[in-house]
Amino acid sequence: MTVIVAFCSQKGGVGKSTLARALAAYMAGDGFSVRVVDLDMQQRTTERWATRREASGVPLVPVEVVGCANVSEALNDLGGVDVLIIDGYARSSEGTLKMAQAADVVVQPTNGTEDDCEPAVLVFYDLYKAGIDPGRMLIALSRLTTETEERDGRAYFESAEIPIKVLDGALYQKRAYGKAQDAGRSVLETDYDSLNDKARSLLDALVSEIVAARKKAGVAA
């Protein structure tokens with residue numbers, strides 16, 4: 001069965017597409033058939049990233065990216081796809097619930113400021129009230145500027161009304177990550193091994209949670 005990972009956000013610019021692309025490169029690099037669905041039909045940022053990737057002239061593991069108007073379209077014809085990654089809407093919407101209902105895990109990237117953590121909690125609380133298991137909801141700390149911000153973010157989610165897991169690892173705001181994506185690469189494929197390793201630690205944690213969710217659901221990873 002296809003593994004489905006949904007990335008959502010309530011605020012733009014928190015790293016949703018960045019992490020969706022990174023997971024795609026990570027899984028494709030391990031030999032899985034991966035498809036990324038870009039649901040932002042206005043911006044199409046991940047589709048444009050894939051075009052830059054194909055045209056880069058650098059040998060990179062191929063990643064299939066398609067644009068879809070809605071979640072139902074994204075879930076059509078998954079034959080042969082090992083991993084479906086849904087790069088969700090720019091803002092939380094009714095479609096966010098549909099993504100969550102279909103996904104093995106729902107990942108919400110955010111930085112560590114209260115201004116961003118608070119709406120992230122509200123998104124997950126709404127999903128919880130709609131019947132989504134909080135064990136499938138994950139926070140990825142992203143676009144951080146300081147270690148203090150990371151600590152504050154983790155502390156904020158620990159005090160949330162519902163249990164919300166924050167992934168180990170984090171992505172800090174680094175120009176090299178942006179330059180890599182401008183060139184059609186992921187944050188795992190920068191020119192700096194140390195930054196690639198930091199990004200990989202976050203992706204390792206995410207994949208571990210995906211495997212655990214599949215096992216809990218009684219589905220082979």
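No hydrogens, no waters, no symmetry mates; every other heavy atom, side chains included, goes into these values. Bear in mind the structure is a predicted one, so any value in this text is a computation, not a measurement.
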Under 3.5 Å, side chain of [X] to main-chain N/O of [Y], donor-acceptor pair present?
{"X": "R52", "Y": "Q181", "result": "yes"}
{"X": "Q108", "Y": "S9", "result": "no"}
{"X": "E73", "Y": "A69", "result": "yes"}
{"X": "Q173", "Y": "R143", "result": "no"}
{"X": "S142", "Y": "L171", "result": "no"}
{"X": "D116", "Y": "N111", "result": "no"}
{"X": "T2", "Y": "V81", "result": "yes"}

Show the nearest heavy-atom pair for residues [X] and [Y], with the distance to one decimal.
{"X": "R35", "Y": "D77", "value": "NH1-O, 3.1 Å"}
{"X": "A102", "Y": "I4", "value": "O-CD1, 3.6 Å"}
{"X": "I164", "Y": "A160", "value": "CD1-CB, 4.1 Å"}
{"X": "A183", "Y": "S56", "value": "O-CB, 3.7 Å"}
{"X": "D168", "Y": "A205", "value": "O-CB, 3.5 Å"}
{"X": "S33", "Y": "G80", "value": "OG-O, 2.9 Å"}

Is there a side-chain contact between [X] and [Y], using heavy atoms and a 4.5 Å cut-off?
{"X": "L19", "Y": "L202", "value": "yes"}
{"X": "D40", "Y": "Y89", "value": "no"}
{"X": "V34", "Y": "I85", "value": "yes"}
{"X": "Y177", "Y": "K198", "value": "yes"}
{"X": "V5", "Y": "I86", "value": "no"}
{"X": "Y26", "Y": "D204", "value": "yes"}
{"X": "C68", "Y": "L39", "value": "yes"}
{"X": "F124", "Y": "L122", "value": "no"}

Distance, nearest 0.5 Å, that separates [atom1] of [X] from [atom2] of [Y]:
{"X": "L206", "Y": "L23", "atom1": "CG", "atom2": "CG", "result": "5.5 Å"}
{"X": "E118", "Y": "T113", "atom1": "CD", "atom2": "OG1", "result": "10.5 Å"}
{"X": "E149", "Y": "C117", "atom1": "CD", "atom2": "SG", "result": "8.0 Å"}
{"X": "F157", "Y": "I162", "atom1": "CZ", "atom2": "CD1", "result": "10.5 Å"}
{"X": "C8", "Y": "M99", "atom1": "SG", "atom2": "CE", "result": "5.5 Å"}

Original post:
Run the side-chain hydrogen bond (donor to acceptor under 3.5 Å, both in side chains) check on T190 and N196 step by step: do they pass?
Top reply: CA-CA 6 Å; T190 76; N196 297 340; 2.7 Å; yes
Applying a strict under-4.5 Å side-chain criterion to I, L, V, M, F, W and Y, I'd like to know whether [X] and [Y] cluster together.
{"X": "F32", "Y": "L60", "value": "no"}
{"X": "Y156", "Y": "V14", "value": "no"}
{"X": "Y125", "Y": "L97", "value": "yes"}

**OP:** Go through the steps for E64 and V66 under the test side-chain contact (heavy atoms from CB on, under 4.5 Å), then give the verdict.
**Re:** CA-CA 7 Å; E64 178 191 5; V66 298; 3.8 Å; yes
**OP:** Could you check K165, R136, K215, K216 and say which one makes a salt bridge (charged side-chain N to carboxylate O under 4.0 Å, His left out) with E209?
**Re:**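 When K165, R136, K215, K216 are each tested with E209, the salt bridge (charged side-chain N to carboxylate O under 4.0 Å, His left out) holds only for K165.
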**OP:** Start with the C-alpha gap between V207 and M27, add the side-chain angles, then the distance that decides, and say whether side-chain contact (heavy atoms from CB on, under 4.5 Å) holds.
**Re:** CA-CA 9 Å; V207 170; M27 300 301 289; 3.9 Å; yes
Original post:
Could you walk me through whether E158 and R154 pass the salt bridge (Lys or Arg N to Asp or Glu O under 4.0 Å) check?
Top reply: CA-CA 6 Å; E158 285 176 3; R154 292 186 185 280; over 6 Å; no
Would you call [X] and [Y] a salt bridge, taking side-chain N to carboxylate O under 4.0 Å as the test?
{"X": "R53", "Y": "E189", "value": "yes"}
{"X": "D126", "Y": "K129", "value": "yes"}
{"X": "R185", "Y": "D191", "value": "yes"}

Original post:
Please walk me through it: do L84 and V3 pass side-chain contact (heavy atoms from CB on, under 4.5 Å)?
Top reply: CA-CA 6 Å; L84 178 70; V3 175; over 6 Å; no
**OP:** Report the C-alpha separation of M137 and I132 in whole Å, then their side-chain angles, then the decisive distance to 0.1 Å, and conclude whether the side-chain contact (heavy atoms from CB on, under 4.5 Å) test is met.
**Re:** CA-CA 8 Å; M137 303 179 199; I132 302 300; 3.8 Å; yes
Original post:
Would you find more than 12 non-hydrogen atoms of other residues, nucleotides or ligands less than 6.0 Å from Y172 atom OH?
Top reply: yes
Subject >> Flag for T46-D87: side-chain donor and acceptor within less than 3.5 Å >> reply: yes
Original post:
Between the side chains of R48 and T45, does any donor sit under 3.5 Å from an acceptor?
Top reply: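 Checked: R48/T45 side chains show no N/O donor-acceptor pair below 3.5 Å.
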